[in-house]
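Just so we're clear, the structure is a prediction, and the values are computed from it rather than from any experiment. Note that ligands are numbered from 1 as they come in the structure, with each ligand's atoms numbered from 1 the same way.
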Amino acid sequence: MTLNAGFTAGLESKLQQLRDDRVYKRLNHLASPQAARVQMEGRGEVLILSSNNYLGLSAEQAVIDAGIEALRRFGAGTGSVRFICGTFTIHRDLEQAIARFVGTEASMSYVSAWNANEGLTATVVEEGDFVCSDALNHASIIDSIRLAKSITKCQTAVYKHADLDDLRAKLSGARGAKRRIIWSDGVFSMEGSIAPLPDLLQIARDNDAVLAIDDSHATGVLGRTGRGTAEHFGVLGEVDVITSTLGKALGGAAGGFVAGSAALCDYLTQRSRPQLFSNALPPTVAGSSLAAIELVEQHPERVATLRDNARYFREQIIEAGFKPLAGETPIIPIIAGETAAAIQLSEMLLDEGVFVTGFGFPVVPQGEARVRCQISAAHTRADLDEAVAAFVRVGRRLKLV
Ligand SMILES: Cc1ncc(COP(=O)(O)O)c(C=O)c1O
């Protein structure tokens, strides 16, 4: 049998185009767990400011041990989907813990937040519904709406980022729709900004709409005890649907969830295609995620450390002459201008031993390419000072400060 040479040649030419356009992504290989500092192959120890390991839990001993214990107790997995082969008690325990943590009646786990978002939208949206999505929503929300639209022929619209008037206008144009669904990130990952949740809730009530929030960058991060955007604004229990990841602050492994009413989660069990046709989260991940949630519940001071670290880094980087986007989350983007400038900044920082990823067009608007600093509770003040010093050295060479 011969391989299809034309297919491979076509891909190679597309890859070359990415290199020519200077948007080709090079993978950096790590030989140690995610922590404030990692061992990067070919570079040795580097300080990492580009991980979603916000609470430093991915290398936490209790989280690792719980994963190992779950692997021993339940094995590698069920070997099939949950309704066919049985569902592990650890999944039920995890889902109860998630619901308790984010303040909903129930939750349903998925192998990723991407899967959870697709599972949610494509299952609950029906013909005649209207889905309205923030312009800066995560790709998984966008694709989930595209999927729902292609299945149901529902109506969709995108409202300008965090523009409440535009959202109201779009909803009022959809009064005849069977149901209205508003979809927003809780924290926008490229901006580090927080969705105006109380306003979104009010607009949802005024328009008899369902509000769905993706809290992937807010769970374990926002609110006094890390319960997310709803806790941050004092509206725990008021959001119809919260989706989030277990792959960032809550242990960093993988997995995601949809949290909401018991009826919603039961319906997802009955009808959501990733539940019906794909294996569940591996028990090891369920075990470590459960331990991560319990740890955050018992140690809310971790969330306070994260908040303090983010505030400290923001103050120091501003004092050093940089102008990060304003905000109060641990995502601190520093605008470099054109894509090439952001990539150069990121590469020079890596040469200085600081790993921060550069993002350019089309991920962010043209001319607003940036490096995105992400702060963790695992960083010490010395780590943050070292990072700022590296920014200053590189910033001076590039005449940014
Ligand atoms: C807002 C948001 N939603 C969903 C995801 C996907 O998360 P997961 O890695 O669990 O699929 C991400 C990850 O980048 C995200 O930032």
Student: Just distances here: any N/O of S189 and N/O of ligand 1 closer than 3.5 Å?
Tutor: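 No; the residue has no nitrogen or oxygen that sits under 3.5 Å from a nitrogen or oxygen of the ligand.
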Student: So which protein heavy atom does atom 3 (N) of ligand 1 come closest to, and at what separation?
Tutor: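 Looking only at protein heavy atoms, the one closest to atom 3 (N) of ligand 1 is D214 OD2, 2.6 Å.
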Student: What protein heavy atom lies closest to atom 5 (C) of ligand 1? Include the residue and the distance to one decimal.
Tutor: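 Among all protein heavy atoms, the one nearest atom 5 (C) of ligand 1 is H138 CE1, 3.3 Å.
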Student: State whether F359 and R370 meet the cation-pi test: NZ (Lys) or CZ (Arg) under 6.0 Å from the six-membered ring centroid, and within 45° of the perpendicular axis.
Tutor: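 Judged by the rule, R370 and F359 form no cation-pi pair.
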Student: Look only at the side chain of E60 and the backbone of G251, and say whether a donor-acceptor pair between them is shorter than 3.5 Å.
Tutor: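 Not confirmed, E60 side chain does not pair with G251 backbone.
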Student: Among protein heavy atoms, which lies nearest atom 16 (O) of ligand 1, and at what distance?
Tutor: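 I find the closest protein heavy atom is H217 NE2, 2.8 Å.
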Student: Provide, to 0.1 Å, the distance between atom 7 (O) of ligand 1 and the closest protein heavy atom, together with that atom's residue and name.
Tutor: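 Going by distance alone, atom 7 (O) of ligand 1 is nearest to A113 CB, 3.4 Å.
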Student: For K248 and ligand 1, does the shortest N/O to N/O distance drop below 3.5 Å?
Tutor: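 Checking ligand 1 against K248, an N or O pair does fall under 3.5 Å apart.
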Student: Is it the case that the side chain of R227 and the backbone of F101 share a donor-acceptor pair, with hydrogens and angles ignored and the cut-off at 3.5 Å?
Tutor: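 Yes, the answer is positive, given that a donor and an acceptor are paired below the 3.5 Å cut-off.
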Student: Would you mind checking which non-hydrogen protein atom is closest to atom 9 (O) of ligand 1, with the distance to 0.1 Å?
Tutor: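 The answer is T245 OG1, 4.2 Å.
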Student: Check if G255 has a non-hydrogen atom at a distance under 4.0 Å from any atom of ligand 1.
Tutor: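 G255 counts as a contact of ligand 1 under the 4.0 Å cut-off.
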Student: Where is the nearest protein heavy atom to atom 11 (O) of ligand 1: which residue, which atom, and how far?
Tutor: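 Its nearest protein heavy-atom neighbour is W114 N, 3.0 Å.
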Student: Considering only heavy atoms, does S216 approach ligand 1 within less than 4.0 Å through its side chain, its backbone, both, or neither?
Tutor: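 Answer for S216: side chain.
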Student: In this structure, does ligand 1 have an atom that sits under 4.0 Å from one of the heavy atoms of S140?
Tutor: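 The answer is yes: ligand 1 sits under 4.0 Å from a heavy atom of S140.
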Student: With a 4.5 Å heavy-atom cut-off, do V131 and I182 have their side chains touching?
Tutor: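 In short, these two side chains do not touch, never coming nearer than 4.5 Å.
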Student: Taking S289 for the side chain and L246 for the main chain, is one N or O donor matched with an acceptor at less than 3.5 Å?
Tutor: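 No, the answer is negative, given that no donor and acceptor are paired below the 3.5 Å cut-off.
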Student: Does the N or O separation between G247 and ligand 1 drop below 3.5 Å for any pair?
Tutor: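 No: no nitrogen or oxygen of G247 is under 3.5 Å from one in ligand 1.
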Student: Examine distances only and state if a side-chain atom of N28 and a backbone atom of M40 form a donor-acceptor pair shorter than 3.5 Å.
Tutor: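 Answer holds: no.
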Student: Taking the side chain as everything from C-beta on, heavy atoms only, tell me whether I332 gets closer than 4.5 Å to L325.
Tutor: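 Contact flag for I332/L325 side chains = no.
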Student: Does R179 make a cation-pi contact with F130 (under 6.0 Å, within 45 degrees of the axis)?
Tutor: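 No, cation not above the ring by the 6.0 Å, 45° rule.
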